[in-house]
Amino acid sequence: IQGYLERKQELQSGGKKATIRSWKTFFTVLCGQLLCFFKDEDDFYDQKAASPPISIHQAKVEVAEDYTKKKHVFRIITSDNAEYLMLADSSENLEEWVIKLGFH
Ligand code: I3P
């Protein structure tokens, strides 16, 4: 699965509150157990990452029902307790990401 998602980091690894807290758009690609982030599709084909990948091995992925400021948001809690909010552009997209990430 791949596509544009906005991402906001809530917690750093270890569960500490993240210092950079703004939403940022990435062309996001699931490669095996890694979620990889690129500026756009061209950068993906050039393998020019825009941000370190997130390991979704043993991560928890869920719809962020408690986050009410935006619609179609899901949450990733990694095995080292970092937390990210991810914003999809539709409920169909949200569901697809959560299912595909959740089965890893
Ligand atoms: C953050 C930005 C985020 C906001 C976050 C701010 O400021 O406005 O959109 O999260 O609030 O800190 P900045 O761009 O200056 O980094 P929300 O969109 O979830 O409100 P937060 O610190 O309460 O998470």
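On a predicted model such as this, the values are computed, not experimentally measured, just so you know.
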Exercise. Check whether NZ of the Lys or CZ of the Arg K69 lies under 6.0 Å from the centre of the six-membered ring of W23 and within 45 degrees of that ring's axis.
Key: no
Quiz prompt | Side chain proximity check, C36 to T28, heavy atoms < 4.5 angstrom | solution = no
Exercise. Determine, for F37 and R7, whether the Lys NZ or Arg CZ falls below 6.0 Å from the six-membered ring centre while staying within 45 degrees of the axis.
Key: yes
Exercise. For a side chain to side chain contact (heavy atoms under 4.5 Å, CB included) with E6, tell me which candidate from D89, V73, L87, L85 qualifies.
Key: L87
Self-check item: Charged N-O contact under 4.0 Å between E10 and R21
Solution: yes
Quiz item: With a 4.5 Å heavy-atom cut-off, do T78 and Y84 have their side chains touching?
Solution: yes
Quiz prompt | Note, L35 side chain near W97 side chain (heavy atom, < 4.5 Å) | solution = yes
Practice problem: Using a 4.5 Å cut-off on heavy atoms from C-beta on, say whether the side chain of F38 contacts that of V29. | Solution: yes
Quiz item: Less than 4.5 Å apart, any side-chain heavy atom of I76 and any of M86?
Solution: yes
Quiz item: Quick one: CG on L94 to CD1 on I99, what's the gap to the nearest 0.5 Å?
Solution: 9.5 Å
Quiz prompt | Residues, nucleotides or ligands: over 12 heavy atoms within 6.0 Å of E95 CD | solution = no
Exercise. Check whether any side-chain heavy atom of D66 lies under 4.5 Å from a side-chain heavy atom of R75, and answer yes or no.
Key: yes
